[in-house]
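First the structure, in the form of structure tokens, and then the observations on it.
Chain letters run A, B, ... following the sequence lines, proteins first and then strands; every chain starts at 1. Fair warning: this is a prediction, and the values are worked out from it, not measured in the lab.
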Amino acid sequence: MFPELNNLLNTTPDRAEQGKLTLLCDAKTDGSFLVHHFLSFYLKANCKVCFVALIQSFSHYNIVGQKLGVSLTAARECGQLVFLEGLKSSVDVFFRAQAEPHPLQFLREADAGNLQPLYEFVREALKPADDGQAAWRCPVLLVDDLSVLLSLGMGAVAVLDFIHYCRAAVCWEQKGNIVALVHDSGDAEDEENDILLNGLSHQSHLILRAEGLATGFCRDVHGQLKILWRTPSQPAAHRDRSLTYQYKIQDKSVSFFAKGMSPAIL
Amino acid sequence: MAAAATCGTSAGNKGCTAAAAAAAGGKNNVTSFQRKGPRASVPDSGCARLVSIAGTRPSVRNGQLLVSTGLPALDQLLGGGLAVGTVLLIEEDKYNIYSSLLFKYFLAEGVINGHTLLVASAKEDPADILQELPAPLLDDNCKKDFDEDVGNHKTPESNIKMKIAWRYQLLPKMEQPGPVSSSRFGHYYDLSKRMPQELIETSKWHGFFFPEKLSPTLNIEPCSLTHGYIKLLQFIQNVIYEEGFDGSNPQKKQKNILRIGIQNLGSPLWGDDICCTENCDNSHSLTKFLYVLRGLLRTSLSACIITMPTHLIQNKAIIARVTNLSDTVVGLESFIGSERETNPLYKDYHGLIHIRQIPRLNNLIYDVSDVKDLAFKLKRKLFTIEWVQDNYLRQERNIYPPGFSYLLKQKDSAWGEGSLQHSTFLMSFLAKTAAFASRLVRHSEPLEQTDSRSILQAAGPGVWRDGRRQEAPGLLAIPP
């Protein structure tokens, strides 16, 4: 969790909004720091988190989480975090035939499968406890990242359907949140990815877009972050404020500053 | 080691360079700027204590175990080496001349360190590939070979120049090649000689030659992967499982690293059609294969190098996806057949090397080298990577005003040289300096001649602030 980003988004773990779909997007840079931010943010906010991690291993997220002040192992043991490790499961799915369907069952299937098993997994993970009293604040689904599903043979429509179902189950029924990362393929002309990105941009409440600098690599400015609120309830003050910030990723935090105001050049 | 470890990449590089230079002997130490190398002998002993597997060292940044790519200059660019459990993707150059060298370096490094090899190819028999590995430069008797190869461009003249042009000492240094003992991390190889036969015989390797593995009957269960990829994945999984490279069943013997090399992945020889058409049926085959392969690597003590003919792949979207699914991506762009071959800027080089992606492992940030414009050169015995600017600065030293090269360097790290922005910047800078210089000259002019005054009037009022605007109405004292 980066306090500076919380300030920009005008939120804290104590008063996290509910029922929102947040789209993270990165173009020409790596936006994974945003995923780490939201993972630690919602764990600190005492939310029940289902993390579908398709791109990295558990230990990676755990070590970075420790730098940001959360322990994923502890959270997983106490049931706050449900972690689906895509890389590890892919090996299991691919080499060992299993009786019960695995969430990533589509890896094995010849024709383009669907994401229904994954949806069932998410719904099961975020189901409210039976005893009625809620131990956790609200459920959160976090996906890193949706573009991988396209690479694994899913169509853009199947992924959009998956998010649609998850919205209905998590955001509406349980007043929870969804955070998903999608790569912007830029000039690679990845049609499926563009469909996915545009479709999600259309329905999300908040879009955080990390971009590499147009002028190329710079040691002191790693990129710029564009914040776009799509909810009308935001105070008017936010609307006319410039919401493009440049950032520099440090070892344990990210510092944000206005465009051209990097401490290195001032 | 600890001292070199804590002070980050740049300081580490200097230490390594000093160590390498000291190892290479006193012949080149003529400059007065040569750093004394107190750490020269430290890395070997430090690594030996920390690491139990030969040929590996822990990363100072993320704690991952690293293996060498077989090319110390490339290791340095990739943040110290290739992390165990990750994929290094080499985008092949057009005729696959130089990428196969990197491939062989990677395997040769495994042979020297006693790692188990897994070589997969659809084109050449893996046994033949092993026969063609370059010979390591291990002992002192190689040193004179080396000096003649390295020393030919290190003339005394260039050393004297270095004394005058002191600021070039601040430029980032590439690792200088030097023969070293076998215990070191990363070795140098002599491309003109073959690996000794006894070394290859003692090494343990598995070969996967795709034409041999083709089964006549396709009685496998339907899967969306191409047949060759399924076979290869099963082969790799078998090796990893049976030899205990995955941590799940404890190894009886000493732990070892599995080095996997896959040649020309994605080419039509593998039965993949992404090189043939833009919209093919199994366009997800390659990405799925990479995903499962990465899953296998992450759960085992192995590192993988893949060369891929990306220039053949018709659909650019697939290249972007493949890049996203790999850890480290390095592109080679050879000058053969391109107009850059005749560009005097590149006359010393054989191609450009692009570091396209460096993984973030256990970290928010990643080890990025400040050096962006890199070129490679194939010498008689060595494949070297150099900073293009080095040569560039040498050229512009005499043409441009002082301080300009620094500006140029800053700009060039963002813009590719020879690009439009670069030349525009150059022109505008030169125009500005010319205008500035002429203004200085005009200010110091005595302005006595009438013809020069008429020029001033023609240039318009407001330019001159020294009270000589004759037609200005508010002026009382008009100089004669």
In terms of heavy-atom pairs under 4.5 Å with chain B, which of [options] leads?
options: E189(A), E191(A), H183(A); answer: H183(A)
options: H60(A), K88(A), E85(A); answer: H60(A)
options: I249(A), V254(A), D187(A); answer: I249(A)

Looking at [options], which has the largest count of heavy-atom pairs under 4.5 Å with chain A?
options: L293(B), N62(B), V292(B), L297(B); result: V292(B)
options: L233(B), N315(B), I319(B); result: L233(B)
options: Q237(B), K316(B), R298(B), R294(B); result: Q237(B)

Distance-only donor-acceptor check, side chains D144(A) and Y61(A), under 3.5 Å: yes

Is there a donor-acceptor pair closer than 3.5 Å between any side-chain N or O of [X] and the backbone N or O of [Y]?
X: N198(A); Y: D194(A); answer: yes
X: T328(B); Y: L88(B); answer: no
X: Q357(B); Y: V329(B); answer: no
X: S204(A); Y: I207(A); answer: no
X: Q105(A); Y: H102(A); answer: yes
X: S326(B); Y: L89(B); answer: no

Residue that, paired with V52(A), satisfies side-chain contact (heavy atoms from CB on, under 4.5 Å) out of V148(A), L141(A), L142(A): L141(A)

With a 4.5 angstrom heavy-atom cut-off, is it the side chain or the backbone of [X] that approaches chain B, or both, or neither?
X: Q250(A); result: backbone
X: S32(A); result: side chain
X: F33(A); result: both
X: S147(A); result: neither
X: L68(A); result: side chain
X: F2(A); result: side chain

is_close_aromatic(H222(A), Y247(A)), centroid dist under 6.0 Å: no

Region of L296(B) in contact with chain A, defined by heavy-atom distances below 4.5 Å: both

